[in-house]
Structures are given as structure tokens and as C-alpha cells.
Amino acid sequence: GKFTVGDYLAERLAQVGIRHHFVVPGDYNLILLDKLQAHPDLKEVGCANELNCSLAAEGYARANGVSACVVTYSVGAISAFNGTGSAYAENLPLILISGSPNTNDPSQYHILHHTLGHPDYTYQYEMAKKITCCAVAVPRAIDAPRLIDRAIRAAILARKPCYIEIPTNLAGATCVRPGPISAVMDPITSDKNALEAAAKCAAEYLDGKLKPVILVGPKAGRAGAERELLQFAEAMGCAVALQPAAKGMFPEDHKQFVGIFWGQVSSDAADAMVHWADAMICVGAVFNDYSTVGWTAVPNIPLMTVDMDHVTFPGAHFSRVRMSEFLSHLATQVTFNDTTMIEYKRLKPDPPHVHTAEREEALSRKEISRQVQEMLTDKTSLFVDTGDSWFNGIQLKLPPGAKFEIEMQWGHIGWSIPAAFGYALRHPDRHTIVLVGDGSFQVTAQEVSQMVRYKVPITILLINNRGYTIEVEIHDGSYNKIKNWDYALLVQAFNSTDGHAKGLLANTAGELADAIKMAESHKEGPTLIECTIDQDDCSKELITWGHYVAAANARPPRNMSV
Ligand SMILES: Cc1ncc(Cn2nnc(CCOP(=O)(O)OP(=O)(O)O)c2C)c(N)n1
Ligand SMILES: [Mg+2]
């Protein structure tokens, strides 16, 4: 049959490497969904709602590099804006696609369902511009190739989400076939002169320094520069510290790894090494209020900063220098320097004694962490949701090959359930494990039913401490209490007649150990283990961190009267 706008979009999504697209149907996108479904390389994945749909696409982009979320106009898209915001904040190319009203309606001033009730339908496109790096609304079939290519290319280059709006009567309209995909995907390589000038500047910055430290941030992974980072670090021979959101982007068993730098809640010797350094090379680092513990942990020496497409020094800036190309170029220029590793051996704290609870002991946060630590293998992908799960997860030691996913910039409670679902569809070869609090779980619990439907064997450790403990530590109030659910029983409800989820309850150390064993052998669907702990049983790191974040929130307004 004829080649249409929907076929054009389907072909482009497949050509950039998408194999699953996440959808919630609505009458503005049904023709488009038919076209996407017709593409042999695309598998349609239904989600329970558009918030979860967009968060599943966010998680898929972590595994696949790029993802697509397809929703209906306004009632769908506005919920999907939340996961799109996460993709923006987390530097992930999520392609948000929304159906929209028939092109004849605006000029007829029609009032349409799902809209705000007035005939100006441009509000969604205007809103989308604010949370994406490129937003396009296709006005005619003839414009589709140019606009679809522009949006997808922008997203891939910027590692940010884009927005594509397709009217319901254009998805099936005739369209030309796409040209070579290299026009959409090929990266913008470094400017040679800028790269060499930046390398020269790096040599000057490092000249005479005795105590360099590399600080890795989350954008190092998003820029796809992990291999080149390792090359550069090994050429430098110096200490490597990771920001919490970068955990998993440098091997923790590496002799140069000195821990997670997170101010007073750092791990290992990271805090001491960062304060001892006389030169710091930040690679993809993000200094926000959470990663700097309420601005109490900001490095106070002149920095060399390597970002996704530019490099800065005290007194110099170089545009169009790609992180991966710059790091691999530097690796050929620098000489080995092991002073920092000698210092690290001096500063390295003794490993803490880890108590193994008796089987009948009531479950504690520490015992959960100890047992989760034992679960981790080279095949593990560990998701940690907003809450004390962040702190428990950050303190775990990742074995070689293990992956770690956290959403520290956007910090949407419940993100981990749909995101782990999306991720696991792309990585059936990995063991996806989720650490999530009871409060977070309540936000997106429906997506466990999609894990049942698609038979995705994710292990969910739900830490039930009866409420919003991370919020309690920042600032307590009645609003931090929640209605308790029977989480293990809820998951049974998702099975109905054809599901295979397991819902287990662990009140003691022994019950948790048994539940983990069952989870590890359960492959036909998810296993949710409800771990009950005392509501005051939280990490000391959370209490310290919460105190400083609360203090930062409480800074008085500058005196505006003068
Ligand atoms: C969408 C969204 N809404 C509200 C918040 C604020 N918030 N941050 N953490 C929480 C509570 C998390 O509670 P849990 O998941 O039970 O975690 P724990 O700290 O382990 O108890 C809230 C309510 C948030 N981070 N994201
Ligand atoms: Mg909780």
C-alpha cells in the first residue's frame, strides 16, 4: 500500500535503533499506532497510564540510548510531560510523540474533546518547547520528513528529549520515503583546532600539579564516553571519585576508584581525596543542591571541566570539543602519576564490620543492604528510587559489570518501577533489581502489571518503613504519613487468571533470604518482596544529608526592601 507519514516516523524510529515503543492509545493517535505497529522492527508496549509510559521510555533510553513514547493529545501528553521532564533532566533522548486534532478543525473554530475547551490547540506544542530540545508540530504531510528528521536529530545530538506532534488525519497521509539515516544520526565531531588548543590548555592546567583527582559526573555516561574515561584515567594514574548520579560509570573494583564523592555522606575515601587534591578534572559533573549536600560540598579549587561538547579551564573555554574524543586524545598526551594513589592508601578507611543477622531477627535496613550486596553480580542492573533507597544503594559496592540507575536530578518518586520495566525489556540478558520505598511504589504501582503481562522477571525490594522517611528527615509533618497497603497481596491482584508475579512478605532476615532465593529462580514474571522495617530505621547518611538540604531550602530571602 501507500507509504505514509506514520510509516516515515516508524522507519526513522527503527533506523535510530528503537525496537520497543511505549504507548497509551487515544483517538488522536490510533492511525499512527497502526502505522508504528505495522513496522517489522517495532514492538508496541502498552502502559497503564501516560506518566508510567513516559517513565518506561525514560528507562528504555537508559538501556537503548534512545526511546519513543506515543500518547494522545492533551489528556495523554500532559501526563507524559513528567517523564519527558525526567529525560531532559537526566540527559536522555526520549522522543515524545503525540496525536493531535484534525488539521481542518482550527479554521472551523471547533471545540474538541480532550482539549481545554477553546479552539486554540497550540498550547501543548508551546508547553512541549519548554521541556524538550526541539518541538515540531507537523502542519502538512509534505512537511513531515523535514520536521521529523529535525526533531530526532536534535534529540540524539543533545541527549535531550524532543517532541513530535502529528494530527490525526496526517498519520495516514501519503509521504515520501526517508533518506539515509546518517543524515539524522551522524555526530558533530570536535573542531580539530579547538580540540588541540584544549589539550594544550589541559597540559598547562596540570603542569606542576602533584595531587590531581578526576571527578566523574552522570553526563560522562550519557555522552557515551565511559571507555575513553577509563583510558584517560589509566593514563593519568590518579584517583577517580564519582558523583552519586554517576555510580556505575566507572568500575568500583578499579585500583584508582576512591569512592562516591557526596560531601559528608561520601563513601570510602572520596571526600578526603577531593579535599586533598590540588587539581580536579570534572568529567560530566553536575553540581546541584542534592549532589553538593545543600551546597556544603562544592570543590573549592580551580576546575578543569570536560562536558559533553565543550571544555573549560580557569580562564579558558573551548566549544565543539566532544567529551569522548577529548578524553581519548588526552590519554595519549598525559604521563602516569601515582602520587594520589599512595595518598589514597593512607586515607582509605578500614572496611566497616558487617553484622549478619540471625534468621529470626526482625528485618533491619542494614540487613537488607547486606543481603542485597550479596545479590549483585556482573549481570545486575540495580535501580534505586528516591528515598532512603538512594543512600542504601549508593553505599553498595558494585561488582565488575554491574550497572546502576538513579534519577537524582529529576527525583520523581516511583520512577524506578516503569523505568526498570522499560529498561528490562531492552536488556532481558540482565538481572534488573529495584530498591524502592513504600511511598514511591504507591505512585506508579500499576506498571508491575505490565511486568506481569510481558513476563519481565524484575526483582522489586519494596522497603516498607510506613511513610515518606526521606521527607521526614528533611522536614517532618503529618503529610509524611501514608495509608499502608498489603503490597504482597496487591501484586497477586495483578495476576488475575493468567499472571505469574510473586508477592512475598519479609519481616525477618530469614524470610528475606528465602524470598531472594525464590526471586532468583522465578523467571516467568516479577517478584515483589515487601521488606518491613521500623519507620525510624534509616541511614545516618539520609539524616545528615536531609539536615543540610533542609538548611539550604530555609535560606532567608535576600533583603528586598533596600
Ligand atoms: C513526584 C514526586 N512527588 C513528591 C516528591 C517528594 N518526595 N520525595 N520523597 C518522597 C517520599 C519517598 O518515600 P519512600 O518512597 O517511602 O522512601 P523512604 O524515604 O525510603 O521512606 C516524597 C513524597 C517527589 N520526590 N516526587
Ligand atoms: Mg517509606
Side-chain angles (χ1 to χ4, degrees), residues 49-56 58-59 78-90 131 244-245 265 288-291 294 363-369 372 382-396 406-420 434-448 460-487 490 505-506 528-547 549-550 552-553:
N49 63 52
E50 288 85 351
L51 165 65
N52 291 356
C53 189
S54 60
L55 290 172
E58 199 261 26
I78 291 179
S79 291
F81 279 172
N82 206 325
T84 305
S86 183
Y88 196 102
E90 303 288 331
I131 58 169
V265 293
N288 67 20
D289 51 348
Y290 276 16
S291 65
L363 204 43
S364 72
R365 190 192 57 76
K366 273 198 165 55
E367 177 61 12
I368 295 171
S369 292
V372 171
L382 179 67
F383 280 70
V384 292
D385 211 312
T386 300
D388 204 21
S389 296
W390 273 357
F391 297 85
N392 297 329
I394 292 288
Q395 298 295 329
L396 295 173
I406 188 170
E407 188 213 29
M408 264 195 88
Q409 179 60 43
W410 193 246
H412 187 298
I413 51 172
W415 151 88
S416 64
I417 298 300
V434 175
L435 276 186
V436 62
D438 53 328
S440 296
F441 182 78
Q442 290 197 358
V443 177
T444 55
Q446 305 95 320
E447 246 37 38
V448 174
I460 301 168
L461 289 144
L462 189 151
I463 316 299
N464 187 355
N465 56 12
R466 298 304 180 100
Y468 295 153
T469 298
I470 186 171
E471 295 291 291
V472 168
E473 296 312 325
I474 294 175
H475 177 94
D476 201 4
S478 59
Y479 32 71
N480 290 330
K481 293 269 170 261
I482 61 175
K483 173 67 186 72
N484 190 46
W485 294 356
D486 182 332
Y487 299 99
L490 170 75
L505 180 59
L528 180 135
I529 306 171
E530 177 187 345
C531 308
T532 59
I533 62 173
D534 189 285
Q535 63 186 14
D536 294 323
D537 181 6
C538 74
S539 66
K540 64 181 184 319
E541 288 81 6
L542 172 59
I543 295 171
T544 304
W545 175 86
H547 164 75
V549 163
N553 289 341

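Atoms within each ligand, like the ligands themselves, are counted from 1 in listed order.
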- Return the residue, atom name and 0.1 Å-rounded distance of the protein heavy atom closest to atom 20 (O) of ligand 1. Asp388 N, 3.2 Å
- Note on the structure: Ile533 and Ser364 have their tightest heavy-atom pair at CG2-C, 3.9 Å
- Heavy atom under 4.0 Å from ligand 1: found in Asp438's side chain, backbone, both, or neither? both
- Message: Can you check the angle at the Mg ion (ligand 2) formed by OD1 of Asp438 and O of Gly467? Round it to the nearest 10°.
- Response: 100°
- Message: Side chains of Asp438 and Asn484 only: does a donor on one sit below 3.5 Å from an acceptor on the other?
- Response: no
- Query: Okay, side chain of Asn464, backbone of Asp486: is any donor-acceptor separation there less than 3.5 Å?
  - Reply: no
- Note on the structure: atom 14 (P) of ligand 1 has as its nearest protein heavy atom Gly439 N, 3.6 Å
- Gly467 near ligand 1, heavy-atom distance under 4.0 Å? yes
- Item | Short N/O/S contact of Tyr468 with the Mg ion (ligand 2) (below 2.8 Å) | no
- Item | Nearest protein heavy atom with distance in Å, relative to atom 11 (C) of ligand 1 | Tyr468 CD2, 3.2 Å
- Query: How far is atom 9 (N) of ligand 1 from its nearest protein heavy atom, and which residue and atom name does that atom have?
  - Reply: Ile470 CG2, 3.2 Å
- Task: Name the option, out of Ile413, Asp537, Leu462, that contains the heavy atom nearest to atom 5 (C) of ligand 1.
- Result: Ile413
- Task: Provide, to 0.1 Å, the distance between atom 22 (C) of ligand 1 and the closest protein heavy atom, together with that atom's residue and name.
- Result: Glu471 CG, 3.5 Å
- Query: Is the backbone of Gln409 close enough, under 3.5 Å, to the side chain of Glu90 for a donor and an acceptor to pair up by distance?
  - Reply: yes
- Query: Of the protein's non-hydrogen atoms, which lies at the shortest distance from atom 25 (N) of ligand 1, and what is that distance?
  - Reply: Gly411 O, 2.9 Å
- Message: If you take the centroid of each ring, where Trp contributes its six-membered ring, are Trp545 and Tyr290 closer together than 6.0 Å?
- Response: yes
- Query: Within the side chain of Gln442, is there an N or O that forms a donor-acceptor pair under 3.5 Å with the backbone of Lys483?
  - Reply: yes
- Message: With no hydrogens and no angle check, just 3.5 Å: does a side-chain donor-acceptor pair link Ser539 and Asp388?
- Response: yes
- Message: Please list the nearest protein heavy atom to atom 17 (O) of ligand 1 with its residue and the distance rounded to 0.1 Å.
- Response: Gly387 CA, 3.7 Å
- Is there a nitrogen or oxygen of Asn465 sitting under 3.5 Å from a nitrogen or oxygen of ligand 1? yes
- Do the side chain of Ser54 and the main chain of Leu51 share a donor and acceptor less than 3.5 angstrom apart? yes
- Query: Which of these passes side-chain contact (heavy atoms from CB on, under 4.5 Å) with Phe441: Asp385, Ile463, Leu528?
  - Reply: Leu528
